[in-house]
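Take a look at the structure set out below.
Quick caveat: nothing in here was measured; it's all calculated off a predicted structure.
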Protein chains: 2
Amino acid sequence: MYMELPEAKQKFIESWGKLGSEWGINRTMAQVHALLLLSPEALTTEDIMLELNISRGNANMNLRDLMDWGLIDKQLKPGERKEYFFADKDTWNIARQVAKERKRRELDPVIKVLNELSTIKGDDKDPAYKTFKKSVSDINKLAGNVNKTLEMMLKAEEGWFWKSIFKLFK
Amino acid sequence: MYMELPEAKQKFIESWGKLGSEWGINRTMAQVHALLLLSPEALTTEDIMLELNISRGNANMNLRDLMDWGLIDKQLKPGERKEYFFADKDTWNIARQVAKERKRRELDPVIKVLNELSTIKGDDKDPAYKTFKKSVSDINKLAGNVNKTLEMMLKAEEGWFWKSIFKLFK
DNA sequence: TTAAACTTCCAATAATATTTGAAAGTTTAA
DNA sequence: TTAAACTTTCAAATATTATTGGAAGTTTAA
């Protein structure tokens, strides 16, 4: 299969956007990220609007979100007012940042609820209660383990064990 | 904080649904799953419609999807026509099934595209080409590693190394 | 200061995803 | 067979989420 660079770029941006949306991340946000990942130099809001055919408001909003996620940064060029945006291109950092944000926004609140639900009292002879308790406690345990692992991964390069595991991925 | 079982159930179902939707899984599907996780006996479509206040069509569709995902099964009681649904309550199986489905539906197609994009030829002096190539190849590498790990996890209990890692999570 | 050059906000609009409900389809006991 | 008891389908309605574009807000060079 033969493909030119612009077509290939297009395809990458499209795929990244699709993957993002399947994982609960705004499609356009993922596309802006993809565009910046492929760009050798930092781009202005204008550039991004043009390349992706989106409005100024939309571009701005998604750039802001990407900065909140820690996936891109802005650069100021001396003598210019415009802001130039560029992406961190280290895949391991990208994975870490995404894991960090999602943990904070999604896993942490769920763990809080699960802990609350673990305290419910009831009649141990009631099957509904027994099943409830068992399911909540099992899921709580799994969530707790996932959480611990993520924390270790985020605290990063500490400890020979996880360090050596994670190195395999980079 | 004091809570009765029915309220706690409600809260669990709500949280599970929210988590699902944040991860690109239909909210109602996650809620049906939650309901079945908490239920000691298998439930009929009717039960589920009533408990979650959803239509017959919706209940049916999500039950079918959950079966496709391998998260629930149906049971036929002798002498009855109705179908009774119940969830696999082993958290490790749940995690495995979800990982399996998402890998198949999302990761595999992305890897295919990335491999295609890796073959693009261009001028090594062109910065746009160099950045494209580097980003695609880095992401390809990460995706490949994630893929390998998932495959190992799905092939399951083989090999002392991963077996011992995974046991920590169960 | 001021005004040009930008960025951000936000209400209206558009696009997407989910849900409903009734009709069509299927299965089985008699 | 038939008809009652179910399940499945799908077009229309609803709900949710994303996008636009213009107005308001900021910043900075002069």
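B:K77 places its NZ atom 18 Å from the P atom of C:dT28, with the value rounded to the nearest Å. Atoms CG (B:D47) and P (D:dC6) sit 12 Å apart, rounded to a whole Å. When rounded to the nearest whole Å, the span between CG of B:L76 and C1' of D:dC6 equals 12 Å. Atom CG of B:L52 is separated from atom P of C:dT20 by 10 Å (rounded to the nearest Å). When rounded to the nearest whole Å, the span between CG of A:N53 and P of D:dT19 equals 13 Å. Regarding A:D68, its CG atom lies at a distance of 11 Å from the P atom of C:dT8, rounded to whole Å. At whole-Å resolution of the value, CG in A:L43 and C1' in C:dT7 are 17 Å apart. Put simply, CE on A:M61 is 9 Å from P on D:dT19, counting in whole angstrom units.
Looking at heavy-atom distances under 4.0 Å, A:D65 makes no contact with the nucleic acid at all.
Residue A:R64 places its side chain closer to C:dT8 than to any other of C:dT20, D:dT8, C:dT8. The nucleotide whose nearest atom lies closest to any side-chain atom of B:R56 is, among D:dT8, C:dT7, D:dT19, D:dT8. Nearest nucleotide to the B:N26 side chain, out of C:dT18, C:dT20, D:dT20: C:dT18. Nearest to the side-chain atoms of B:N58 among the listed nucleotides C:dT8, C:dT19, C:dC6 stands C:dT19. In the set C:dT19, D:dT19, D:dT8, C:dT19 carries the atom at the smallest distance from any side-chain atom of B:S55. With D:dT8, C:dT8, C:dA29 as the choices, the nucleotide that has an atom nearest any side-chain atom of B:R81 turns out to be C:dA29.
Taking every heavy atom of both residues into account, A:A30 and A:G20 meet most closely at CB-CA, 4.2 Å.
A sub-4.0 Å separation between OP1 or OP2 of D:dT8 and a side-chain N or O of B:N60 is present. Checking the phosphate oxygens (OP1, OP2) of C:dT18, no side-chain nitrogen or oxygen of B:T28 falls inside 4.0 Å.
Few gaps surround NZ on A:K103; more than 12 heavy atoms of other groups in view lie less than 6.0 Å from it.
Across all strands shown, D:dG22 forms a Watson-Crick or G-U wobble pair with C:dC9, both key distances being under 3.5 Å. The partner of C:dA30 is D:dT1, judged by Watson-Crick or G-U wobble contacts that both fall below 3.5 Å. The pairing partner recorded for D:dA12 is C:dT19, the criterion being a Watson-Crick or G-U wobble arrangement whose two distances lie under 3.5 angstrom.
Each of A:R27 and A:K82 was matched to the nucleotide of DNA chain C holding its nearest heavy atom; the match closer to the 5' end belongs to A:K82.
Looking at B:I94 and B:D90, their side chains never come closer than 4.5 Å, going by heavy atoms from C-beta outward. Counting heavy atoms from C-beta outward, B:K74 and B:M67 have side chains that approach closer than 4.5 Å.
For B:R102 and A:W23, the positive end sits near the middle of the six-membered ring, less than 6.0 Å away and at most 45° from its axis.
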